[in-house]
Amino acid sequence: MPRQMLAGPVMLDLFHRDGMVREMWLHLHPREFGLLWRMAETPQTRLSRRTLLRDVWRLRHEPETNTLEVHIFRLRRKLAAFGIDHLVMTDPAGGYRLNAEVTPVVPDASTREALDRCGLIGNGGEQASQSGPHLWNWPPTTA
């Protein structure tokens, strides 16, 4: 599974669970991000209300609310700030679809290596080794 997908002009980032347009975060609500990510998995394909409720909300029944429509409205409003609210389309047959080409972003080798290494978390700027300080030993004790 890719960590990032480029959906038209929107860079979706699974780690941050947000989208970015022109280097500005959209500040998506978790459900808004879930809707956009789910639609990006199958672009240009109609996703029914039932499918989105099952895949994003994990519901097996149809709630008697308009929560899906409210989240779609809010998502479109955030996209409209960048002039791209047309990305999320209401399908004439019912449901919604993403009106964009989607490309998984594959990080280069140096980025993958950086993501796989132990980070710079609370160790004074030095990279922790595999046997070095760990979060569960924080703060470090001094003798």
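Everything numeric here is computed off the predicted structure, so don't read it as measured data.
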**Request:** Give the cluster check for Leu87 versus Met24: same hydrophobic cluster or not, with ILVMFWY residues linked at side-chain heavy-atom distances below 4.5 Å.
**Result:** yes
**Prompt:** Among the clusters formed by ILVMFWY side chains lying less than 4.5 Å apart, do Val21 and Val102 turn up in the same one?
**Reply:**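 Shared cluster, yes.
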Supply the atom-to-atom distance [X] [atom1] to [Y] [atom2], rounded to the nearest 0.5 angstrom.
{"X": "Arg50", "Y": "Leu59", "atom1": "CZ", "atom2": "CG", "value": "11.0 Å"}
{"X": "Met11", "Y": "Arg22", "atom1": "CE", "atom2": "CZ", "value": "14.0 Å"}
{"X": "Arg74", "Y": "Leu35", "atom1": "CZ", "atom2": "CG", "value": "12.0 Å"}
{"X": "Ile84", "Y": "Leu79", "atom1": "CD1", "atom2": "CG", "value": "5.0 Å"}
{"X": "Leu26", "Y": "His16", "atom1": "CG", "atom2": "NE2", "value": "13.5 Å"}

List the atom of [X], the atom of [Y], and the distance in Å for their closest heavy-atom pair.
{"X": "Val105", "Y": "Leu6", "answer": "CG2-N, 4.0 Å"}
{"X": "Leu12", "Y": "Ala7", "answer": "CD1-CB, 4.3 Å"}
{"X": "Met5", "Y": "Ala40", "answer": "CE-CB, 3.8 Å"}
{"X": "Pro63", "Y": "Leu53", "answer": "CD-CD1, 3.6 Å"}

**Pairs touching residues 9-19 that satisfy salt bridge (charged side-chain N to carboxylate O under 4.0 Å, His left out), sequence neighbours left out** = Arg3-Asp13
**Asked** What pairs of residues pass the salt bridge (charged side-chain N to carboxylate O under 4.0 Å, His left out) test when at least one of them lies in residues 51-63, not counting sequence neighbours?
**Response**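 Matches after skipping sequence neighbours: Arg38-Asp55, Arg49-Glu62.
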For residues 89-100, which side-chain N or O atoms pair as donor and acceptor with protein atoms under 3.5 Å away, sequence neighbours left out?
unit_1: Thr90; atom_1: OG1; unit_2: Arg76; atom_2: NH2; d: 2.7
unit_1: Asp91; atom_1: OD1; unit_2: Ala93; atom_2: N; d: 2.9
unit_1: Asp91; atom_1: OD2; unit_2: Arg97; atom_2: NE; d: 3.3

**Message:** Strictly by side-chain hydrogen bond (donor to acceptor under 3.5 Å, both in side chains), give each pair with a member in residues 77-89 just once, sequence neighbours left out.
**Reply:**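 Listed by first then second residue: Glu32-Lys78.
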**Asked** Is there a side-chain contact (heavy atoms from CB on, under 4.5 Å) between Phe33 and Leu14 once you walk through the steps?
**Response** CA-CA 9 Å; Phe33 176 81; Leu14 188 58; 3.9 Å; yes
**Prompt:** Is a side-chain donor or acceptor of Thr45 paired with a backbone partner of Pro43 at a separation under 3.5 angstrom?
**Reply:**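 Judged by distance alone, yes, a pair lies under 3.5 Å.
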**side chain to side chain donor-acceptor pair (under 3.5 Å) partners of Ser48, counting only residues at least two apart** = Thr51
**Prompt:** Which pairs pass ring-ring contact (aromatic ring centres under 6.0 Å, His included) with one or both residues in residues 43-83, sequence neighbours excluded?
**Reply:**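 As it turns out, the ring-ring contact (aromatic ring centres under 6.0 Å, His included) pairs with a partner in residues 43-83, which skip direct neighbours, are His29-His71, Trp57-His71.
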